[in-house]
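Right, one structure below, let's go through it.
The basis for the numbers below is simple: all heavy atoms, side chains too, and nothing from hydrogens, waters or symmetry mates. As the structure lists them, so they are numbered: ligands from 1, and atoms in each ligand from 1.
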Amino acid sequence: MTDQPHKSVVFDRAATFYDQTRGFPPGIDQQAADLMARLGGLTHSSVVAEIGVGTGRLALPLARHSGPYLGFDLSADMMSVLRQKHAVFGAPDIRLARADVTQLPLRSNVLDAAVLVHILHLVSDPERAASELRRTVKPAGVAIVGWNRSYEHGLEAISDAWEAATGEQWRRWRKGEDNRDTSAVVLEQNGWTETASGVLEFTTTLTPRAKLERYRGRVFSSMWRMDDAAWQAGVAAVEAVVAAQYTDLDQPFEVSHAFHVVVLRP
Ligand SMILES: C[S@@+](CC[C@H](N)C(=O)[O-])C[C@H]1O[C@@H](n2cnc3c(N)ncnc32)[C@H](O)[C@@H]1O
């Protein structure tokens, strides 16, 4: 499947596996939310909206720091997972609505903070999203942008084989530059200014088998957007290198993660 560049990337197909493939380890989700809340100056009276709220990976821990927490997403299926988790774990005042970031169902100047994590690289018209955020965030409010970067030690041969086989198709749909997420870049290009930043580092493990299954299962949105032929060529290259170089497919390799947070003012 190939999405057209002018359409936003809706995550319905990822709802059932998003938390398994993108979830934070236990406790790290709360640390990530604590960092975002501290840098963004959230209080229990802050009105916050998360754009592209997804399954609530950050909404659930972050809403503990704020007043009303509004979640918007184009994917009803992703928000349905959030609703189920909310019912199980409970959390203060989270209100969800299906809405596009380029047309938010909000009056002007109502938000103390907009939260954006891995979102604007997926949006049809990022410039319009930036102006919609400018309209809805109070002049003294903030955008809190988060993104994750990871390095898989010892599994480089697999990533290299994938990138060599998929080439331009892969690079085209990656989320932003290596060190800066698209959401932060777009806001800065539209006049927002960084006022604070921080990084949360943590580690997980990943086996060659699990990494291979991510490619086969086409779990990342960049893989949905590339041509089927490019994806198939990538999977074949990965299968070949795994067979040639990894004898124990269940050996855990260390993954270093950095969750970056940047706060910007309009
Ligand atoms: C990569 S997920 C991130 C979810 C969440 N922020 C997190 O970090 O776990 C991106 C989400 O943005 C949603 N999305 C994509 N384009 C959108 C748009 N134009 N307006 C609102 N949501 C959108 C997708 O459906 C998906 O749930």
Exercise. Kindly indicate whether the side chain of Lys138, heavy atoms from C-beta on, has any atom under 4.5 Å from the side chain of Val110.
Key: no

Quiz item: Can you list, by chain and residue number, every protein residue with a non-hydrogen atom closer than 4.0 Å to ligand 1?
Solution: Ser8, Val9, Val10, Phe11, Tyr18, Glu50, Gly52, Val53, Gly54, Arg57, Asp73, Leu74, Ser75, Met78, Ala99, Asp100, Val101, Val117, His118, Ile119, Leu122, Val123

Practice problem: Answer with yes or no whether the side chains of Glu239 and Tyr215 bring together a donor and an acceptor at under 3.5 Å. | Solution: no

Quiz prompt | Listed partners of Ile119 passing side-chain contact (heavy atoms from CB on, under 4.5 Å), at least two apart | solution =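 Partners of Ile119 under the side-chain contact (heavy atoms from CB on, under 4.5 Å) test: Leu116, Val123, Ser183.
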
Quiz item: Does Phe259 have its ring centroid less than 6.0 Å away from the ring centroid of Phe24?
Solution: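 Ring-ring flag for Phe259/Phe24: true, centres closer than 6.0 Å.
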
Quiz item: How are the rings of Tyr18 and Phe11 set relative to one another: parallel (under 30°), tilted (30 to 60°) or perpendicular (over 60°)?
Solution: perpendicular

Self-check item: Separation of Tyr69 OH from Asp93 CG (nearest 0.5 Å)
Solution: 12.0 Å

